[in-house]
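Sending over a structure as structure tokens; questions will come in a sec.
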There are 2 protein chains.
Amino acid sequence: MKPIAHEITNDCRPVGEILNQIGGKWTVLIINVLSGGSMRFSEIKREIGGISQKVLTATLRDLEMDGFLTRTVTPSIPPHVSYELTDLGRDLQKPLHVLGAWAVNNRPKVLEARGRYFAAHPEAMPKRKPRIASALRVAAE
Amino acid sequence: MKPIAHEITNDCRPVGEILNQIGGKWTVLIINVLSGGSMRFSEIKREIGGISQKVLTATLRDLEMDGFLTRTVTPSIPPHVSYELTDLGRDLQKPLHVLGAWAVNNRPKVLEARGRYFAAHPEAMPKRKPRIASALRVAAE
DNA sequence: CAGAATCCAACTGGATACTG
DNA sequence: CAGTATCCAGTTGGATTCTG
């Protein structure tokens, strides 16, 4: 009988690594818009919408480093750079879809749980951002 | 024929939400140490090791809010507080294990990809922290 | 077009001290 | 024991400006 809990704990390190990589704000979204095939930088940016150029560049480079996608430069004027998922990147979509399916199916339960929590702890309410509140208080004085 | 890519993109929002919740540095680890059953605050802290008390408290409260675990207080001196996974929390382990298995199986490929990347881009090397380097440069002048 | 560089606000997590 | 309250360093991500 092996200490299962301990084993799982050890197995968690690579999970943590992966989560750090795909845990970025836009990573999963990028991988999914690329599931349709090769895309140019500006296409990705437009498709996602709301992401800054700097962050998109950084995220794409991280994904390239880890071998999840390839970056292909066609030296022309203007330059043409396209990104495409690798086999590894496409394979990553499988566990991601499992997680996604779970999220879609269980989101109601999570939202319900939050409702119960706030009903039981009214003081914890919707993430108070006292920055504005205090500014208002100052203005009110 | 429905636009699959677009559908997936939409389905990504809940995935993003879930990732924001479990994307914390210790969340997955906490869920896994709790898989063995109910545990006290200090037990979890000791089992994980390296987590600060503040962050553990915050992470546990988040997980409680989302209904992944319960917090049970036994008013005594000293106080006794135990945490236990809910059905929802235990169910979350399934997709997490899928992701974990993928991570374990594919980590070699990711590490290999990084090796290739650094071989091709020597200047990108292991996250340079130029703060010290520039300080040294100044000191050297 | 596809970035690189810079500046900056916001958030995360750690260290420490104090409390019921 | 199980927190709460501060303070603080490091990181993330956005806005803007400049370039091959």
Side-chain angles (χ1 to χ4, degrees), chain A residues 16 19-30 34 38-65 69-84 121 123-124 127-135, chain B residues 16 19-30 34 38-64 69-84 121 123-124 126-135:
Chain A
L19 282 177
N20 282 339
Q21 291 153 22
I22 68 172
K25 193 173 174 179
W26 306 97
T27 312
V28 174
L29 216 46
I30 291 174
L34 279 177
S38 174
M39 287 180 81
R40 298 184 59 168
F41 184 88
S42 51
E43 284 180 311
I44 301 173
K45 188 173 189 316
R46 197 176 329 111
E47 186 75 16
I48 290 182
I51 188 173
S52 68
Q53 170 269 330
K54 172 189 160 187
V55 173
L56 178 56
T57 302
T59 309
L60 286 171
R61 209 165 353 99
D62 286 343
L63 291 173
E64 185 194 1
M65 283 189 201
L69 54 80
T70 58
R71 177 177 181 271
T72 308
V73 181
T74 304
S76 59
I77 296 177
H80 182 110
V81 181
S82 62
Y83 295 87
E84 185 169 16
H121 310 276
E123 77 289 357
K127 289 227 173 187
R128 34 175 180 169
K129 301 198 175 180
R131 275 164 262 281
I132 297 173
S134 59
Chain B
L19 282 177
N20 283 339
Q21 291 153 21
I22 68 172
K25 194 173 175 180
W26 306 98
T27 312
V28 174
L29 216 45
I30 291 174
L34 279 177
S38 174
M39 287 180 81
R40 300 183 58 167
F41 183 88
S42 51
E43 284 180 311
I44 301 174
K45 189 173 189 317
R46 197 177 328 111
E47 187 76 16
I48 290 181
I51 189 174
S52 69
Q53 171 270 344
K54 171 190 161 185
V55 173
L56 178 56
T57 302
T59 309
L60 286 172
R61 210 171 343 103
D62 286 344
L63 291 173
E64 185 195 0
L69 53 79
T70 57
R71 177 178 181 270
T72 308
V73 181
T74 305
S76 60
I77 296 177
H80 183 112
V81 182
S82 61
Y83 296 87
E84 185 169 16
H121 310 275
E123 77 288 357
K127 290 231 173 186
R128 35 175 178 168
K129 300 199 174 179
R131 274 165 262 281
I132 296 174
S134 58

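Every chain is numbered from 1, with letters handed out A, B, ... down the list of sequences.
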Quickly work out the A:Ile77 CD1 to C:dG3 P distance and round it to whole Å.
->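 My rounded result for the distance is 16 Å.
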Starting from the first five and the last five pairs of the helix from C:dC1-D:dG20 to C:dG20-D:dC1, work out the angle between the resulting helix axes, to 10 degrees.
->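 Axis angle across the helix from C:dC1-D:dG20 to C:dG20-D:dC1, nearest 10°: 40°.
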Closest approach of A:Leu34 to A:Tyr83 (non-hydrogen atoms, all atoms of both residues) =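 Nearest pair, atom of A:Leu34 first, then A:Tyr83: CD2-O, 3.5 Å.
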Expressed in angstrom and rounded to an integer, what is the separation of A:Lys45 atom NZ from D:dG14 atom C1'?
->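 In whole Å, D:dG14 C1' lies 11 Å from A:Lys45 NZ.
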Is any side-chain N or O of A:Tyr83 closer than 4.0 Å to OP1 or OP2 of C:dG3?
->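 For C:dG3, OP1/OP2 do have a side-chain N/O of A:Tyr83 under 4.0 Å.
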How far apart are the closest heavy atoms of A:Ser52 and A:Lys45, and which atoms are they?
->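 It is C-CE, 4.2 Å.
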Could you state the atom-to-atom distance from CD of B:Gln21 to C1' of C:dC11 in whole Å?
->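 Checked: the CD to C1' distance equals 17 Å.
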Are B:Lys25 and C:dG14 close enough that a side-chain N or O sits under 4.0 Å from OP1 or OP2?
->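 So the side-chain polar atoms of B:Lys25 do come within 4.0 Å of the phosphate oxygens OP1 or OP2 of C:dG14, strictly under.
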Would you name the heavy atoms of A:Arg71 and A:Val73 that are closest together and state the gap between them?
->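 Heavy atoms only, the tightest pair is NH1-CG2, 3.4 Å.
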Would you indicate whether the side-chain heavy atoms of B:Trp26 and B:Leu56 approach each other to under 4.5 Å?
->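 No, too far: nothing below the 4.5 Å cut-off.
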For the student: nearest non-hydrogen atoms of A:Arg40 and A:Pro79, plus distance =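 Shortest heavy-atom contact: NH2-O, 3.5 Å.
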Nearest whole angstrom, please: distance from the C1' of D:dG3 to the NE2 of B:His80.
->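 Going from NE2 in B:His80 over to C1' in D:dG3 covers 15 Å.
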State whether the side chain of B:Thr27 and the backbone N or O of B:Gly23 hold a donor-acceptor pair below 3.5 Å, judged by distance alone.
->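 Such a contact is absent between B:Thr27 side chain and B:Gly23 backbone.
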Rounded to the nearest Å, what distance is computed from the CG atom of residue A:Asp62 to the C1' atom of nucleotide D:dG13?
->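 Checked: the CG to C1' distance equals 13 Å.
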For the student: nearest non-hydrogen atoms of A:Leu19 and B:Ile22, plus distance =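 Of all heavy-atom pairs spanning A:Leu19 and B:Ile22, the closest is CD1-O, 3.9 Å.
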Where do B:Gln53 and B:Thr57 land on the side-chain contact (heavy atoms from CB on, under 4.5 Å) test, with the steps shown first?
-> CA-CA 6 Å; B:Gln53 171 270 344; B:Thr57 302; 3.4 Å; yes
Considering just the side-chain nitrogens and oxygens of B:Arg40, establish if one lies under 4.0 Å of OP1 or OP2 belonging to D:dA2.
->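 The answer is yes; a side-chain N or O of B:Arg40 sits under 4.0 Å from OP1 or OP2.
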Nearest whole angstrom, please: distance from the C1' of D:dA5 to the CG of B:Leu56.
->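 It works out to 17 Å between those atoms.
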Between atom CG in A:Leu60 and atom P in C:dG3, what is the gap in whole Å?
->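 Rounded to the whole Å, the gap is 8 Å.
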Roughly how many Å is it from CD1 in A:Ile44 to P in C:dG3, rounded to a whole number?
->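 Answer to the nearest Å: 9 Å.
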According to a strict under-4.0 Å criterion, is B:Arg71 in side-chain N/O contact with OP1 or OP2 of D:dA2?
->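 Checking D:dA2 against B:Arg71, no side-chain N or O comes under 4.0 Å of OP1 or OP2.
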To the nearest 0.5 Å, what is the distance between CD1 (B:Ile30) and CD1 (B:Ile51)?
->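 Separation between the atoms: 4.5 Å.
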Going 5' to 3' through nucleotides 15-20 of chain D, assign each nucleotide B (protein heavy atom under 4.0 Å from a base atom), S (under 4.0 Å only from sugar-phosphate atoms) or - (no protein heavy atom that close).
-> B----B
